[in-house]
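For reference, the structure is listed below as structure tokens.
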Amino acid sequence: VVTTYGYDAGMLETTDYSDSTPDVTQTYDNFGRPVETSNGIAKTTYAYDAVTLVLNTETVFYDIDGDSTYELIRVIDRKLTTNSPNNSFP
């Protein structure tokens, strides 16, 4: 298998496989953070906090049967939580 990588302004945008492995595309925001990664079977989107710029959620969409409809969606909470004197358990 030959793998070819495509870059734009130093950012990895495409990964192309010479066999039947699904190709991967990636998009980024203006801060260089990933916004979407897709391979035609699954797509992952990333949402960031507008104030802290930290990753809030990662959503994975699965097209299990290849009909371009997502049969399974998984939302992963990536919010940073901390315990401090003002934010502690009783």
### Message
Running the 4.5 Å side-chain criterion over Ile, Leu, Val, Met, Phe, Trp and Tyr, what cluster does Val1 land in, apart from itself?
### Response
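Via sub-4.5 Å side-chain contacts, Val1 links to Tyr17, Val24.
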### Query
Strictly by modelled atom types, are Thr14 and Asp16 linked by a side-chain donor-acceptor pair under 3.5 Å?
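Checked: Thr14/Asp16 side chains show no N/O donor-acceptor pair below 3.5 Å.
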#### Entry: Distance under 6.0 Å and angle within 45° of ring axis: Arg33 vs Tyr46
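Here Arg33 fails the 6.0 Å and 45° test against Tyr46.
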### Task
Taking all heavy atoms of Val35 and all of Asp29, pick out the closest pair and write down the distance.
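Minimum heavy-atom contact is CG2-N, 3.3 Å.
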### Message
I need the minimum non-hydrogen distance between Gly32 and Met11, along with the two atoms involved.
### Response
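Looking at all heavy atoms of both residues, the closest pair is O-CE, 3.3 Å.
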[atom2] on [Y] to [atom1] on [X], rounded to 0.5 Å:
{"X": "Asp8", "Y": "Thr27", "atom1": "CG", "atom2": "OG1", "value": "12.0 Å"}
{"X": "Arg78", "Y": "Asp49", "atom1": "CZ", "atom2": "CG", "value": "16.0 Å"}
{"X": "Thr45", "Y": "Ile73", "atom1": "OG1", "atom2": "CD1", "value": "9.5 Å"}
{"X": "Glu71", "Y": "Phe61", "atom1": "CD", "atom2": "CZ", "value": "13.0 Å"}
{"X": "Thr69", "Y": "Asp63", "atom1": "OG1", "atom2": "CG", "value": "6.5 Å"}

### Query
Under a 4.5 Å side-chain heavy-atom rule over Ile, Leu, Val, Met, Phe, Trp and Tyr, are Ile41 and Leu72 clustered together?
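Each belongs to a different hydrophobic cluster.
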### Query
Under 4.5 Å between side-chain heavy atoms, hopping through other hydrophobics if needed: is there a path connecting Val60 to Ile64?
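Linked, Val60 and Ile64 end up in one cluster.
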